[in-house]
**Student:** 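Following this message is one structure expressed as structure tokens.
Ligands are counted one by one from 1 in listed order, and the atoms in each one are counted from 1 as well. Note: hydrogens, waters and symmetry copies are ignored here, and every other heavy atom, side chains too, is used.
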Amino acid sequence: MILKSLLVTGGAGFIGSNFIRLFLDSHKEIDLINLDKLTYAGNLESLRDVESNLHYHFYRGDISDASLVGRLFHEWHFDAVVNFAAESHVDRSILGPQVFVDTNVRGTMTLLEAAREFGVDRFLQISTDEVYGSLGPSGKFKETTPISPNSPYSASKASADLLAKAWDKTFGLPTLITRCSNNYGPYQFPEKFIPLMIVNAMQDKVVPIYGDGMNVRDWIFVEDHCRAIETVLFNGKVGEVYNIGGSNEVHNIDMAKMILARLGKPESLLKYVTDRPGHDRRYAMDSSKIEVELGWKPCRSFEEGMAETMKWYLQNEKWWGRIISGEYQNYYRQQYGKER
Ligand code: NAD
Ligand code: DAU
């Protein structure tokens with residue numbers, strides 16, 4: 001693939017902003033167009049350091065807006081699409097599933113249709129290990145594991161995966177899918193487990209643990225995920241799914257205790273609360289396909305990744321402070337004249 005123009009959606013979010021920073025750093029001649037609706041989770045502060053890059057172009061808008069999406073495809077002649085844009089938080093999907101279907105399903109279909117109409121060399125759908133459902137105490141998810149989502153969020157992501165597959169099989173659109181485990185790192189919205197733990201503990205606030213705290217997640221540093229996406233974008237085989245994991249399973253309670261210990265905070269901040277409905281017990285990814293076929297593997301040890309993440313939250317209180325105080329919402333209202 002000769003890549004001159006890349007559409008990235010959801011680039012103002014956690015993984016998207018990390019991806020854009022890494023990508024622009026290593027591909028100096030490629031135009032990168034970031035289409036983001038700037039929902040509560042989108043934050044242009046996360047991209048301040050790239051906004052003067054002449055190859056970076058930001059458009060605010062909804063991936064479900066077919067006329068806007070069509071206009072961008074027409075104007076930029078994208079060679080490839082990486083679709084990060086999504087509603088991403090499981091708890092919110094339980095409280096209000098509609099927007100998850102609107103963005104994650106209908107939005108993805110809108111992008112697939114535009115890509116079909118205008119033609120692209122590659123359409124990479126960013127998916128999640130959650131589409132596979134929940135594991136017992138042993139075993140790992142492989143690409144051949146049947147999908148069996150349990151939450152409205154994971155059901156919407158599984159639906160998007162099926163659409164991407166269908167557009168490949170039926171219309172010959174060159175789609176690829178990556179499914180990654182839980183990411184952690186800088187710029188993650190402080191509603192997700194790790195940044196919530198850090199930010200709450202730093203303020204001596206309670207750290208909520210759902211259920212018995214024995215759920216397991218397979219944590220990966222966000223830059224390792226971004227490198228895997230770059231690898232699949234350029235070298236992955238069209239029509240394939242690639243699992244991406246950190247080979248780093250941790251019980252939630254152990255993660256919380258480790259964060260408190262690193263911050264020098266007491267375990268009395270831990271509070272067991274009512275479990276998340278339908279809470280998946282354990283995720284673990286078998287990443288051998290991408291490792292063997294494409295030569296990717298995670299570089300950052302959990303020790304290094306956590307040290308870097310905690311340092312970032314300690315040094316960037318302004319970034320998360322504006323979010324939790326509502327100041328960013330006010331700033332946004334002034335900038336754009338409407339509510340987020
Ligand atoms: P995030 O919530 O931090 O960011 C999502 C971004 O998408 C935000 O910038 C938001 O404004 C934008 N967005 C939402 N709806 C939109 C719409 N209709 N049109 C345009 N933009 C819209 O999410 P994240 O954690 O960075 O996740 C990014 C992608 O990676 C998602 O597709 C998610 O399912 C997937 N994923 C996340 C993880 C993880 O651990 N965070 C793991 C595996 C896969
Ligand atoms: O596995 C990949 C997925 O990881 C992504 O697809 C999702 O977009 C992302 O949000 C994440 O989903 P999880 O539900 O696993 O992540 P979350 O950070 O919400 O929760 C991680 C674990 O911590 C989960 O077992 C629930 C638990 N938890 C979470 C919160 C917010 C708590 O015990 N207390 C909390 O306050």
**Student:** How close does the nearest protein non-hydrogen atom get to atom 25 (O) of ligand 2, and which residue and atom is it?
**Tutor:**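 The closest heavy atom on the protein side is H279 NE2, 2.7 Å.
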**Student:** Would you call the rings of W167 and F171 parallel, tilted or perpendicular, taking 30° and 60° as the class edges?
**Tutor:**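 Answer is perpendicular, since the angle exceeds 60°.
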**Student:** I'd like to check which ligand 2 atoms, numbered from 1 as shown, lie under 4.0 Å from a non-hydrogen atom of I209.
**Tutor:**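 The atoms of ligand 2 under 4.0 Å from a heavy atom of I209 are 33 (O).
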**Student:** Would you check ligand 1 and list the protein residues that come within less than 4.0 Å of it by any heavy atom, ordered by chain and number?
**Tutor:**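 Near ligand 1, by chain and number: G10, A12, G13, F14, I15, D36, K37, L38, T39, A41, G42, G61, D62, I63, F84, A85, A86, S88, T103, I126, S127, T128, Y153, K157, C180, S181, N182, N183.
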**Student:** Taking the side chain as every heavy atom from C-beta outward, state whether T103 and I63 have any atom pair closer than 4.5 Å.
**Tutor:**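 Side-chain contact under 4.5 Å: yes.
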**Student:** Is ligand 2 under 4.0 Å from a heavy atom in the side chain of L196, in the backbone, in both, or in neither?
**Tutor:**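 It is the side chain that gets close, since no backbone atom is under 4.0 Å.
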**Student:** Return the closest protein heavy atom for atom 18 (O) of ligand 2 as residue, atom name and distance.
**Tutor:**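 Looking only at protein heavy atoms, the one closest to atom 18 (O) of ligand 2 is F193 N, 2.8 Å.
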**Student:** Under the 3.5 angstrom rule, does the side chain of S181 hit a backbone N or O of D218 as a donor-acceptor pair?
**Tutor:**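 Yes; judged by distance alone, with no hydrogens or angles, the pair exists.
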**Student:** Check whether N243 reaches the backbone of K289 with its side chain - one donor and one acceptor, N or O, closer than 3.5 Å.
**Tutor:**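 Looks like no, no N/O pair under 3.5 Å.
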**Student:** With a 4.0 Å heavy-atom cut-off (strictly under), which part of N182 contacts ligand 2: side chain, backbone, both or neither?
**Tutor:**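 Answer for N182: both.
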**Student:** Considering non-hydrogen atoms of the protein only, which is the closest contact for atom 9 (C) of ligand 2, and what is the distance?
**Tutor:**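 Residue, atom and distance for the closest contact: S88 O, 3.8 Å.
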**Student:** What distance separates M306 CE from I259 CD1, expressed to the nearest 0.5 Å?
**Tutor:**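 Result: 4.0 Å between the selected atoms.
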**Student:** With distance as the sole test, does N200 use its side chain to make a donor-acceptor pair with the main-chain N or O of V206 at under 3.5 Å?
**Tutor:**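 Yes, because the side chain of N200 sits within donor-acceptor range (under 3.5 Å) of the backbone of V206.
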**Student:** Hey, which atoms in ligand 2 end up nearer than 4.0 Å to a heavy atom of K192?
**Tutor:**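 In order of numbering, the contacting atoms are 10 (O), 18 (O).
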**Student:** Between Y153, Y132, Y184, flag the one that comes closest to atom 5 (C) of ligand 2 by a heavy atom.
**Tutor:**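 Minimum heavy-atom distance to atom 5 (C) of ligand 2 goes to Y153.
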**Student:** Which of the atoms in ligand 2, numbered in the order shown and given with their element, are less than 4.0 Å from a heavy-atom of V90?
**Tutor:**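 Matching atoms, with element in brackets: 14 (O).
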**Student:** Assess whether side-chain hydrogen bond (donor to acceptor under 3.5 Å, both in side chains) is satisfied between D31 and S5, documenting all intermediate values.
**Tutor:** CA-CA 5 Å; D31 281 316; S5 174; 5.7 Å; no
**Student:** Do M197 and ligand 2 have an N or O pair less than 3.5 Å apart?
**Tutor:**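 Checking ligand 2 against M197, no N or O pair falls under 3.5 Å apart.
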**Student:** Checking K297 side chain against V292 main chain: does a donor-acceptor pair fall under 3.5 Å?
**Tutor:**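 Side chain of K297 to backbone of V292: no pair is present.
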**Student:** Which residue and atom name correspond to the protein heavy atom nearest atom 14 (O) of ligand 2, and how close is it?
**Tutor:**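 That would be R276 NH1, 2.6 Å.
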**Student:** Sort and list the pairs that fulfil ring-ring contact (aromatic ring centres under 6.0 Å, His included) and have at least one residue in residues 253-294, not counting sequence neighbours.
**Tutor:**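 Residue pairs with at least one partner in residues 253-294: there are none.
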**Student:** Give, for atom CZ of F23 and atom CG of N34, the distance between the pair rounded to the nearest 0.5 Å.
**Tutor:**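 Result: 13.0 Å between the selected atoms.
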**Student:** Could an N or O of ligand 2 be found under 3.5 Å from any N or O of P208, whether backbone or side chain?
**Tutor:**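 Between P208 and ligand 2, an N or O pair is found under 3.5 Å apart.
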**Student:** Would you indicate whether the side-chain heavy atoms of N53 and L32 approach each other to under 4.5 Å?
**Tutor:**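 Not touching, per the 4.5 Å side-chain cut-off.
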**Student:** Tell me which protein heavy atom sits closest to atom 33 (O) of ligand 2, plus the residue, atom name and distance to 0.1 Å.
**Tutor:**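 Sorting protein heavy atoms by distance from atom 33 (O) of ligand 2 puts Y210 N, 2.9 Å first.
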**Student:** What residue and atom, counting heavy atoms only, is the protein's closest point to atom 27 (C) of ligand 2, and at what distance?
**Tutor:**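 Sorting protein heavy atoms by distance from atom 27 (C) of ligand 2 puts N252 ND2, 3.4 Å first.
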**Student:** Mark up the atoms of ligand 2 that fall under 4.0 Å of a heavy atom belonging to D129, in ascending order.
**Tutor:**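 The atoms of ligand 2 under 4.0 Å from a heavy atom of D129 are 1 (O), 2 (C).
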**Student:** Indicate yes or no for a side-chain donor-acceptor contact from R92 to the backbone of Y153 under 3.5 Å, with no hydrogens or angles considered.
**Tutor:**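 Not at all, since once roles are kept as given, no pair shorter than 3.5 Å links the two residues.
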**Student:** Go through ligand 2 atom by atom and flag the ones less than 4.0 Å from a non-hydrogen atom of H89.
**Tutor:**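 Atoms satisfying the 4.0 Å criterion: 19 (O).
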**Student:** Going through the checks in order, is the side-chain contact (heavy atoms from CB on, under 4.5 Å) test met by L22 and E223?
**Tutor:** CA-CA 8 Å; L22 281 183; E223 282 182 20; 4.0 Å; yes
**Student:** Please, which pairs that meet ring-ring contact (aromatic ring centres under 6.0 Å, His included) have at least one residue in residues 204-243, sequence neighbours excluded?
**Tutor:**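 Sorted pair list: H27-F234, Y184-F221.
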**Student:** Which part of E191 is near ligand 2, with near meaning a heavy atom under 4.0 Å away: side chain, backbone, both or neither?
**Tutor:**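 The answer is the backbone of E191.
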**Student:** Is it the side chain, the backbone, both or neither of E130 that has a heavy atom closer than 4.0 Å to ligand 2?
**Tutor:**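 For E130, only side-chain atoms sit under 4.0 Å from ligand 2.
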**Student:** Suppose we screen for side chain to side chain donor-acceptor pair (under 3.5 Å). Which residues come up paired with E308, at least two apart in sequence or across chains?
**Tutor:**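 For E308, the residues satisfying side chain to side chain donor-acceptor pair (under 3.5 Å) (neighbours in sequence not counted) are R300.
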